[in-house]
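All chains are named by letter (A, B, ...) in the order of the sequence lines, taking the proteins before the strands, and each is independently numbered beginning at 1. Only this structure's heavy atoms are used, side chains among them; waters, hydrogens and symmetry mates stay out. None of the values given here were measured: they were computed from a predicted structure.
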There are 2 protein chains.
Amino acid sequence: MYDNLKLDNQLCFRLYTAARLIMQAYFPYFEPLGITYPQYLVLLVLWEKDHQPVNDIARRLHLETNTVTPLLQRMEKQGLLSRKRGKEDTRQRIVSLTAKGKALEERAKDIPDCLVAQLSDKMEDINCLRAAMPALDALIDGLR
Amino acid sequence: MYDNLKLDNQLCFRLYTAARLIMQAYFPYFEPLGITYPQYLVLLVLWEKDHQPVNDIARRLHLETNTVTPLLQRMEKQGLLSRKRGKEDTRQRIVSLTAKGKALEERAKDIPDCLVAQLSDKMEDINCLRAAMPALDALIDGLR
DNA sequence: CTAATTTATATCGTTCACGATGCAAAAGTA
DNA sequence: TACTTTTGCATCGTGAACGATATAAATTAG
């Protein structure tokens, strides 16, 4: 048995699992809003800065357009945003929030705190997670 | 603008991105073996201990059977493993490696090291990631 | 001013991930 | 023994992810 191939030694497995479990923990909060976690990420980007082309959103989320385009199409169908052709560059699709998309910000603003509270109940030291954020940033930066 | 809703403040986004980017980095190594990252995880579990029921594999990976069952079905079709009904409990499906599945261990044993080496080139402090592992374990344990 | 190339987005096919649900075998209960 | 509940696995439908590829507009080169 190679130590390298022990599940418990694998960082990626931890990241993969942690991400999935947090998304599951988010689910009950997103469900009443009719959105998913990746859709929430798109909204975060647009709440920060409205009217962005597909590419800028994709880059911000470290995703490819072939993931983001269908995501945006579904969100457009739900009436959360619009996708209009760019004026100077007609290849671009400028993504803008609708009133419905904007309104969700108010309803979503407390969700992260709810999750942190929920986590604090379950683990004694929540700050060790905050402490890990720079390491993750370095990793992401290295792999981009 | 709510600070809570800034993408850069979100731990889950980092985990989600880091996991995806590492899986992408794994891809060129897995592709010649004809497997995917989740399939690799299943193999890790079976290389550690062969002949396990679906439930044990699912629990080890923190996945539900409705994710693992189709995964195993695909792997069976590829000839990596077999799924036989349990003897004492006929509801169970005992998953066992085939010769082909076992043989992959030898070919996969150096992949984690390759990835670490690749990462070391790209970021100066790779140990800060190892240091984050206990925090991730605590998080996963809290969310289970 | 064409022709080659790059860029922005989209489509396609396959594999996950997962909530909801179904079903049959096993275990517990009356 | 008959009935209920639990357990183990599976199916279904939807929404991601993503590698590969396509298409049209913009840019660059010749």
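- Across all strands, A/Thr67 comes closer than 4.0 Å to base atoms (heavy-atom distances).
- Projected onto DNA chain C by closest heavy-atom contact, A/Leu21 and A/Asp56 fall at different nucleotides, the more 5' of which corresponds to A/Asp56.
- With D/dA16, D/dC9, D/dC18 as the choices, the nucleotide that has an atom nearest any side-chain atom of A/Arg74 turns out to be D/dA16.
- Distances shorter than 4.0 Å separate none of the side-chain N or O atoms of A/Thr65 from OP1 or OP2 on C/dT9.
- Phosphate proximity of D/dC18 to B/Gln24: present, with a side-chain N or O under 4.0 Å from OP1 or OP2.
- Taking only distance into account, the side chain of A/Arg91 meets the base of C/dT7 through a donor-acceptor pair shorter than 3.5 Å.
- Between B/Thr90 and C/dA26, a side-chain N or O to OP1/OP2 separation shorter than 4.0 Å is present.
- On a pure distance criterion of 3.5 Å, no polar donor-acceptor pair joins the side chain of B/Asp89 and the base of D/dG8.
- If you find the closest nucleotide of DNA chain D to A/Lys87 and to A/Tyr37, the one lying nearer the 5' end belongs to A/Tyr37.
- Per the geometry, CZ belonging to A/Arg20 stands 10 Å off P belonging to C/dG19, to the nearest Å.
- Close to D/dA17, at under 4.0 Å from its OP1 or OP2, lies a side-chain N or O of B/Tyr16.
- A close approach under 4.0 Å does occur between a side-chain nitrogen or oxygen of B/Asn55 and OP1 or OP2 of D/dC9.
- The distance from atom CG of A/Leu33 to atom CG of A/Leu104, rounded to the nearest 0.5 Å, is 5.5 Å.
- The residues B/Lys102 and B/Glu105 are annotated as not salt-bridged, no charged nitrogen and carboxylate oxygen being separated by less than 4.0 angstrom.
- Of the residues near DNA chain C, B/Pro38 and A/Arg59, the one whose nearest nucleotide (by heavy atom distance) lies more toward the 5' end is A/Arg59.
- Rounding to the nearest 0.5 angstrom, the gap separating the CD1 atom in B/Ile140 from the CD1 atom in A/Ile22 is 9.0 Å.
- Side-chain proximity of B/Phe27 to C/dC16, D/dC9, D/dG19: nearest is D/dG19.
- Proximity of a side-chain donor or acceptor of A/Thr98 to a complementary backbone N or O of A/Gly79 within less than 3.5 Å is detected.
- The side chain of B/Gln39 places an N or O atom within less than 4.0 Å of a non-bridging phosphate oxygen (OP1 or OP2) of C/dC16.
- In the set C/dA26, C/dA10, D/dC9, C/dA10 carries the atom at the smallest distance from any side-chain atom of A/Val54.
- Spacing between atom CZ of A/Phe30 and atom P of D/dG15 amounts to 16 Å, rounded to whole angstrom units.
- When rounded to the nearest whole Å, the span between CD of A/Glu64 and P of D/dT21 equals 15 Å.
- The phosphate of C/dC16 has OP1 or OP2 within less than 4.0 Å of a side-chain N or O from B/Thr36.
- Checked against C/dA10, C/dC16, D/dA16, the side chain of A/Arg93 finds its nearest nucleotide in C/dA10.
- A/Arg83 comes within contact range of the sugar-phosphate backbone alone, with a heavy-atom separation under 4.0 Å but no base atom that close.
- Using a distance-only test at 3.5 Å, with no hydrogens or angles considered, a donor-acceptor pair links the side chain of B/Asn4 to the main chain of A/Lys109.
- With rounding to whole Å, B/Arg60 atom CZ is found 20 Å from D/dG8 atom C1'.
- For A/Gln92, counting side-chain heavy atoms from C-beta on, the closest listed nucleotide (C/dC16, C/dA8, C/dA17) is C/dA8.
- The CD atom of B/Gln73 sits 13 Å away from the C1' atom of D/dC12 (whole-angstrom rounding).
- Atom CG of B/Leu72 is separated from atom P of D/dG8 by 16 Å (rounded to the nearest Å).
- Regarding B/Leu63, its CG atom lies at a distance of 11 Å from the P atom of C/dC16, rounded to whole Å.
- Phosphate contact (OP1/OP2 of D/dG19, side-chain N/O of A/Asn66, threshold under 4.0 Å): absent.
- The residue B/Pro70 sits apart from the nucleic acid: no heavy atom pair falls under 4.0 Å.
- Distance check: B/Ser96 OG to B/Glu76 CD gives 10.5 Å after rounding to the nearest 0.5 Å.
- Put simply, the side chain of A/Leu71 reaches to within 4.5 Å of the side chain of A/Gln39, judged on heavy atoms.
- Here B/Glu88 lies in heavy-atom contact (under 4.0 Å) with sugar-phosphate atoms only.
- At whole-Å resolution of the value, CG in B/Leu61 and C1' in C/dC18 are 15 Å apart.
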